[in-house]
Visitor: 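To start, I am sharing the structure in question, which I have written as structure tokens.
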Amino acid sequence: MLSHLNLEATELRLGLPGSDDLPSTNKRPSPEDHQTPPAPKAQIVGWPPVKSYRKSTAAAKSAEAESGMYVKVSMDGAPYLRKIDIKLYDGYSHLLTALEDMFKLSIGEYSEREGYKGSEYAPAYEDKDGDLMLVGDVPWEMFMSSCKRLRIMRGADARGLASAQH
Amino acid sequence: MCMFQSVMNYFPEEVLDHVFDFLTSHRDRNAVSLVCKSWYSVERFSREKVFIGNCYAVNPERLIDRFPRLRSLSLKGKPHFADFNLVPHDWGGRVYPWIEAMAKSRINLEELRLKRMVVSDESLELLAKSFPNFKSLVLVSCEGFTTDGLAAIASNCKFLRELDLQENEVDDRKGHWLSCFPESCTSLVSLNFACLKGEVNVAALERLVARCRNLRSLRLNHTVPLEVLQKILVQAPQLNDLGTGSFTHDPNSETYVKLKNAMKNCHSIRSLSGFLDVNGRCLPAVYPICTSLTALNLSYAPGLFSNELAKLIYHCKKIERLWILDTIGDKGLGVVANTCKELQELRVFPSDLYGVGNAAVTEEGLVAISAGCPKLNSILYFCQQMTNAALITVAKNCPNFIRFRLCTLNPVVPDAATNQPLDEGFGAIVQSCKGLTRLSVSGQLTDQVFLYIGMYAEQLEMLSIAFAGDSDKGMLYVLNGCKKLKKLEIRDSPFGNMALLSDMGKYETMRSLWMSSCQVTLGACKTLAEKMPRLNVEIISENEGGAGEGEARLDDRDRVEKMYLYRTLVGPRTDAPDFVWTL
């Protein structure tokens, strides 16, 4: 029962972040079964029995969702990185509020001239070309498609970045 | 009885005709037509709506011959398992011959409802041009047409009231089918194009909605943005049924505020679906509608978190039908159980179809629903795990199930607590739910569950079995016990020739039997076909080689991969492709 379905290396999770972990049920079927049942997590043609229309719509959406929207977020001095899905945010203010919340800091007001004034931190990102850019300069859609990684910079580096842009 | 008969015969046919007008269900009409020859005759001239559950059980000529006054036809084509890719493409179920025959005989067709059929653009064009009073086209899980065919319908059907496309695979030619509705078209009551992938001309859509003052049901596709939805709702606050297109926007924008206001003005919406692309922060716009909703379908809404869903459902106190993804979680189902006291039908679909991640609902959610929703009578539940104890509790809480479909994501998973088969759980369901007409079982199951089904499921009409049972006894229990069985579909189960051949006459009382990856051999199928001339026994092979090669290669002792048999009045079908061999 080989499947023609494509097993993507990247898993898609559509559940609530931090949702309860369910007990795994990798129990093997009993040996008396006449049929050799498939391995618990193997792909079987037509299973689960979901209409192919529904499957193809879900596939289209998961393909969309998988296209690089999860990015790593590092903060200078923090021991480990976080990961966020920038597709979840409608714009810069939403994103920055989320980052402030996640890292328990305050980022300050963006201005084209001065970058992020009023705080020690500046949000920066690494774009497709590998350059370190200040968050907020380009339209949101363009940012979404070019952002590869986020970095919350602090201290002199942050101020240096802001002034280096202009 | 004799006296009654002769008294009834005194009634002129007009009176019988008038009496029969009150019979709307096709079952009643079928029963009535069997009483005597004169009733058969009166009934057949008065019947306007015909339902044919298997398009190959009869043919167009017989249909037209018997029911010349036909106005509304419902046809079903492919077997149910075709939904899950178990039936090869091109198997059959083409609607063209039916349309052609009705056109030739000048049938005054007004409604056509098709499920799992192949509908070509050519058929749609012929349909559009042949029936001047055509009013309603409903296509469910069909394929084979493009937006060009829809353009033909829009252009030609002057009195079109309903164009309802549900879950079809449509080739979108990016034409302007929607713009083909002429300015003179004001008759639309229902328009559903949610399954189309391509853009529509939104200006044409807005104008269409504005001039169809009787529009009650509108379901948009994902290309229609929220701004357009807002404008449409301002034009059509009288809608009963709304399918949103894309539902994502900046919630701080003026458009969103306008949308909220427009929705507040829609006092008649009872059914809501869509959200094909959704930003959870936009959901509060629908809260005012939620309080009067009776049906809600969020099963195509990607990426909504459990708490967002719960917040929405919290407002839906009158919901009777709810379709949702398992991202709602057991906790979310708890909210449903506490809030939706009118709930009758629940469907929980899997969200993680390709990965091997954790699905978010278990037996707990199901138990909560059964305890909280006393009116529950129909359920489709995809879950990670199940227990007998839970099913027994559910059976006790809800004796009113008419449809019970449980699907464990691992098809042979045993009871999560005891590691036993789920026989006892399903046994409790069939024993308690005396009105059960449809059942799908899954999980680790032995012959015992079929013993219970045969013993208790007296009203059962449709049964779906996968990866279950130990021996022929299982299938025999079902065939012998379920007197009202109409459709039996089995895959990957160890049922073989003994079960298949034990009661061949039974299959003439049923619509169809599907068996794939079971133990039946070609020889047994041949025997069955020979003894039962009024059944079509089809062997469906996967290979491109065709029946010729298939016939040569297969020996009578070989197992048959896929067998589909059905009763028919018209013998082997003439349109079978190479890979289908009717014995």
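Here is the naming used below: chain letters follow the sequence lines, and residue numbers restart at 1 for every chain. These figures come from a predicted structure and were not determined experimentally.
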Visitor: Quick check: do B/Phe84 and A/Ser52 have side-chain heavy atoms less than 4.5 Å from each other?
Guide: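 They are not in contact (no side-chain heavy atoms under 4.5 Å apart), so the answer is no.
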Visitor: In terms of heavy-atom contacts, does CZ of A/Arg82 have more than 12 from other residues, nucleotides or ligands at under 6.0 Å?
Guide: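 Result for CZ/A/Arg82: open.
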Visitor: Do side-chain atoms of A/Arg54 reach the backbone of B/Ser299 as a donor and acceptor pair under 3.5 angstrom?
Guide: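 Judged by distance alone, yes, a pair lies under 3.5 Å.
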Visitor: Roughly how far, to the nearest 0.5 Å, is CH2 of A/Trp47 from OG of B/Ser442?
Guide: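 Here the interatomic distance stands at 5.0 Å.
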Visitor: Checking B/Phe349 against chain A: side chain, backbone, both or neither under 4.5 Å from a heavy atom?
Guide: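 Side chain only.
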Visitor: Roughly how far, to the nearest 0.5 Å, is the OH atom of A/Tyr53 from the SG atom of B/Cys195?
Guide: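 If I round to the nearest 0.5 Å, the distance is 5.0 Å.
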Visitor: Can B/Arg491 and A/Ile44 be said to form a side-chain contact (heavy atoms from CB on, under 4.5 Å), step by step?
Guide: CA-CA 12 Å; B/Arg491 63 167 291 186; A/Ile44 305 162; 3.5 Å; yes
Visitor: Which heavy atom in B/Asn85 sits nearest to a heavy atom in A/Val45, and how many Å separate them?
Guide: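 Shortest heavy-atom separation between B/Asn85 and A/Val45 comes out as O-CG1, 4.3 Å.
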Visitor: Rounded at 0.5 Å granularity, tell me how far OG1 in A/Thr57 sits from CG in B/Leu276.
Guide: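 Answer rounded to 0.5 Å: 8.5 Å.
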Visitor: Below 4.5 Å from any heavy atom of chain A, which atoms of B/Asn168 appear? Answer side chain, backbone, both or neither.
Guide: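 Backbone only.
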Visitor: To the nearest 0.5 angstrom, please state how far the CG atom of B/Asp250 sits from the CH2 atom of A/Trp140.
Guide: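 Going from CG on B/Asp250 over to CH2 on A/Trp140, the span is 11.0 Å.
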Visitor: What are the two closest heavy atoms between B/Phe382 and A/Pro48, and how far apart are they?
Guide: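 Closest heavy-atom pair between B/Phe382 and A/Pro48: CE2-CB, 3.8 Å.
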Visitor: Please report the interatomic distance OG(A/Ser56) to CD(B/Glu167), rounded to the nearest 0.5 Å.
Guide: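 Answer for the OG-CD pair, A/Ser56 versus B/Glu167, is 10.0 Å.
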Visitor: Is the number of heavy atoms from other residues, nucleotides or ligands under 6.0 Å of A/Lys51 NZ greater than 12?
Guide: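 Check passes, neighbour count above 12.
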Visitor: Under a 4.5 Å cut-off applied to non-hydrogen side-chain atoms, are B/Pro350 and A/Val50 in contact?
Guide: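 Side-chain contact under 4.5 Å: yes.
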